[in-house]
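Lettering of chains follows the sequences in order, A, B, ..., and the numbering in each one begins at 1. Only this structure's heavy atoms are used, side chains among them; waters, hydrogens and symmetry mates stay out.
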Amino acid sequence: MSNQELSEMLFDIADMLEIDDVQWEPRAYRKAALSIATLPVDVKQLYEKGKLTEIDGVGKSIAGSIEEYIKTGSMKKYKDLKKKYPIDFASFRKIQGMGPKRAYALYKKLKVRDLDDLRKAIEDNKVRELEGFGEKSEEQLKHNIESFSKVKEERKMLGYVIDYLESLVEKLKESGFFERVEVAGSSRRMKETVGDFDILAVSGKSEAGMDFFTKMKEVKETIVKGSTKTSVKLDIGLNCDLRVVESRSFGAAMQYFTGNKSHNVKLRKIAISKGLKLNEYGLFKGGKPIAGTTEESVYNSLGMDLMEPELREDTGEVEAAQSHSLPEIVRYDEIQGDLHSHTTNSDGTNSIEEMIEAARRMGHKYIAITEHSKSLPVAKGLDDKRFEELFKKINKLNEKSEIKVLKGVELEILKDGSLDLDGSTLGKMDIVIGALHQWTKGQDKKTLTNRVLKAIESGKITTIAHPTGRMIGKREAFDMDYQKIFESCSKNDVFLEIDGFPDRSDLPFDMVKEAKSYGVRFTLGSDSHSIGHLRFIRMATAIARRGWLEKDNVINTLSYKEILKLKR
DNA sequence: GCCGTTTTCGGCCCGACTGTTTTCAGTCG
């Protein structure tokens, strides 16, 4: 049984209860289903520890159902409902405009149970004859079936699409139809992956502005179009919402459309508890607006400090804002350089000179060149001799260059936890990044953990590269005892890396926050393999901010000289 | 069915858009 499977079952139950017009329960089941779908650990593990009800939205009853399912392989509540409604809700959920009520209407009148049945019914023009449907609904369903998997499932890594989004905003600004245009949504929170874009605008001529928007060359098709809200599908495969609000509501709208959802729900509840009403138009007292022009006015009127968008994930920031104890998170402009990059010397595609020049143009004060070591032959890893040669070259470059180059390595942590290079060469390096790339599959949790601990305790490494090894959408994180690793890093003053390469985004932000609580410090790296990758330092910084890191927690805020002084 | 700075009972976010209605239900975010 996977979390995914269980989550789908709970969503199914929610859908079926909704058909029965049951009040509130569908909401409860959906909440539980969503929590489980996004849970970082296996539900079964939680069950074994007796911690099911610690899952957000899971209480006694749903926990009982989960237990029943784990023990017997079936769930009575689900089975009974499914007998009444033998419908493939999971597939229908992926189709826009197809909710449970419509699914049931189609089943009741046309015996439509799954996608194939639905396709056929549409083919025979049967759907348009149903009450509540019409020709247009039928056509839309037909269209949405064709593109269903792409519309809802696809998420993009923000690091790859943020420049595109910003250029889109720039074009809207330059169009002359808008007085203000800003990015909102998960992109503003700098979430690692995004499912759509939200753009917010102020306009005195919104009809014309919406026309301009839907006719942009990036727009593939228009999904809905109104004077305050327009949704389109972009050529990169993401949907984009553009909302136009009044200037006096702009702050409230930015707040609302930045989210995330549970952050917003919490805010609204706080508003209600103070006898106020919060929506995207403002904060109201008995119908009279008391805040909303700026985000700050909204938060302040709710008795809270304003917080950076990256913090708004409902992981304690609401409470911290209420008690005026928000962290002063590291700023993008406090990052002085990049601490992880590769050149043609190993598996990069640009020369060291090209990388340095590109880093200088970005305003970096320094860049660490951290080639792979010899036991990673696929990446043309370097041995001691080649490192010595490279460092001679770097010393020369450093003499005349305004931007400084740190001598480093991304060093293989070998199968038994020993290191790929010996002490004498390592001693000449400014930064040593220990990394797991190989022999991880066959090793169990304890072996893998000890392997990393041995490297940390060796006294020879500065930081641990992309600590969990995860690749978004491709590879799970290593199964390790991370608490032990955090403890050991803190004790031995070994840093953890935040790798900003979008596929990695590693450490993930929630673990950054946890590691910080152990007193761990962090290095940020773009893990560049070409000059085009250098921009990913911004994504690493975003993760640091989302993980509540302050200036002192981040090594990249130090100057070149200060970094050289760090002892190892 | 869940949950707790309105707390163990009684609420549970709320507004926009669409298509089908002729005042609204369904869906979405």
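- Remark: ring of F133(A) not stacked against base of dT20(B); the cut-offs of centroid gap under 5.5 Å and plane tilt under 30° are not jointly satisfied.
- For dC3(B), the OP1/OP2 oxygens have no side-chain nitrogen or oxygen of K60(A) closer than 4.0 Å.
- The side chain of N279(A) contributes no N or O atom lying less than 4.0 Å from OP1 or OP2 of dC14(B).
- Using a 4.0 Å cut-off, some side-chain N or O of K277(A) falls inside it from OP1 or OP2 of dG15(B).
- Considering H263(A), E310(A), E313(A) as possible partners of R189(A), the one that fulfils the side-chain hydrogen bond (donor to acceptor under 3.5 Å, both in side chains) test is E313(A).
- Atoms CZ (F89(A)) and P (dG26(B)) sit 14 Å apart, rounded to a whole Å.
- To the nearest 0.5 Å, atoms CH2 (W548(A)) and CE (M307(A)) are separated by 8.5 Å.
- At the heavy-atom level, V58(A) lies under 4.0 Å from the strands shown only through sugar-phosphate atoms.
- Dashed line: the shortest gap from a side-chain N or O of K229(A) to OP1 or OP2 of dC17(B) is not under 4.0 Å.
- Comparing dT23(B) with dC17(B), their C1' atoms are spaced 16 Å from each other, to the whole Å.
- For the P atoms, the distance linking dT27(B) with dT20(B) amounts to 14 Å, nearest Å.
- When heavy atoms are screened at a 4.0 angstrom cut-off, F257(A) is found touching no nucleic acid atom at all.
- Residue-to-nucleotide proximity on DNA chain B shows that, of G97(A) and V265(A), the 5′-proximal contact is made by V265(A).
- For the pair M98(A) CE and dT18(B) C1', the computed distance is 16 Å after rounding to whole Å.
- One finds no salt bridge joining D235(A) and K217(A) here, because no Lys/Arg side-chain nitrogen approaches an Asp/Glu carboxylate oxygen to under 4.0 Å.
- Comparing dT22(B) with dC28(B), their C1' atoms sit 24 Å apart, to the nearest whole Å.
- Partner assigned to dT8(B) is none, using Watson-Crick or G-U wobble distances below 3.5 angstrom.
- The shortest distance between the side-chain N/O atoms of T228(A) and the OP1/OP2 oxygens of dC17(B) is below 4.0 Å.
- Using a 4.0 Å heavy-atom cutoff across all strands shown, R268(A) reaches at least one base atom of the nucleic acid.
- Note that K111(A) lies in the cation-pi zone of Y107(A), set by a 6.0 Å cut-off to the ring centre and a 45° limit from the axis.
- Comparing atom distances between the D56(A) side chain and each of dG1(B), dC3(B), dG26(B) picks out dC3(B) as nearest.
- In terms of position on DNA chain B, the residue among A103(A) and K77(A) whose nearest nucleotide sits closer to the 5' end is K77(A).
- Using a 4.0 Å heavy-atom criterion, one finds that E138(A) contacts no nucleic acid atom at all.
- Using a 4.0 Å heavy-atom cutoff across all strands shown, P100(A) reaches sugar-phosphate atoms only and no base atom.
- If you measure from atom CZ of R30(A) to atom C1' of dT27(B), you get 10 Å, rounded to the nearest angstrom.
- Taking atom C1' on both nucleotides, dA16(B) is separated from dG11(B) by 25 Å, rounded to a whole Å.
- Within 4.0 Å of K261(A), counting heavy atoms only, lies at least one base atom of the nucleic acid.
- On the P atoms, dT6(B) is 15 Å away from dC14(B), given to the nearest whole Å.
- OP1 or OP2 of dT6(B) sits under 4.0 Å from a side-chain N or O of S273(A).
- For the pair L106(A) CG and dT27(B) P, the computed distance is 10 Å after rounding to whole Å.
- Atom CZ in R243(A) sits about 14 Å away from atom P in dG15(B), given to the nearest Å.
- Judged purely by distance below 3.5 Å, without hydrogens or angles, the side chains of D20(A) and Y85(A) pair a donor atom with an acceptor atom.
- Nucleic acid contact class of Q140(A) (heavy atoms, under 4.0 Å, all strands): sugar-phosphate only.
- Contacts of K274(A) with the nucleic acid, taken as non-hydrogen atoms under 4.0 Å apart, are absent.
- When rounded to the nearest whole Å, the span between CG of L276(A) and C1' of dT6(B) equals 14 Å.
- Ring pair F177(A)/F212(A) is tilted by interplanar angle, where 30° to 60° counts as tilted.
- Side-chain atoms of Y104(A) and K84(A), non-hydrogen and from C-beta on, never get closer than 4.5 Å to each other.
- Within the 4.0 Å cut-off from OP1 or OP2 of dT18(B), not a single side-chain nitrogen or oxygen of S137(A) is found.
- Between Y104(A) and dG26(B) there is no side-chain N or O to OP1 or OP2 distance below 4.0 Å.
- Base contact: I272(A) has a heavy atom under 4.0 Å from a base atom.
- The R102(A) side chain lies nearest to dT27(B) when the options are dG1(B), dA16(B), dT27(B).
- Distance NZ (K269(A)) to C1' (dC12(B)): 7 Å, rounded to an integer number of Å.
- The residue Y256(A) sits close to a base: some heavy atom pair falls under 4.0 Å.
- Whole-Å rounding puts the N260(A) CG to dG29(B) C1' distance at 13 Å.
- In the set dC2(B), dG29(B), dT27(B), the nucleotide with an atom closest to the side chain of Q96(A) is dG29(B).
- Looking only at atom types and distance, the side chain of Q96(A) has no donor-acceptor partner in the side chain of Q140(A) under 3.5 Å away.
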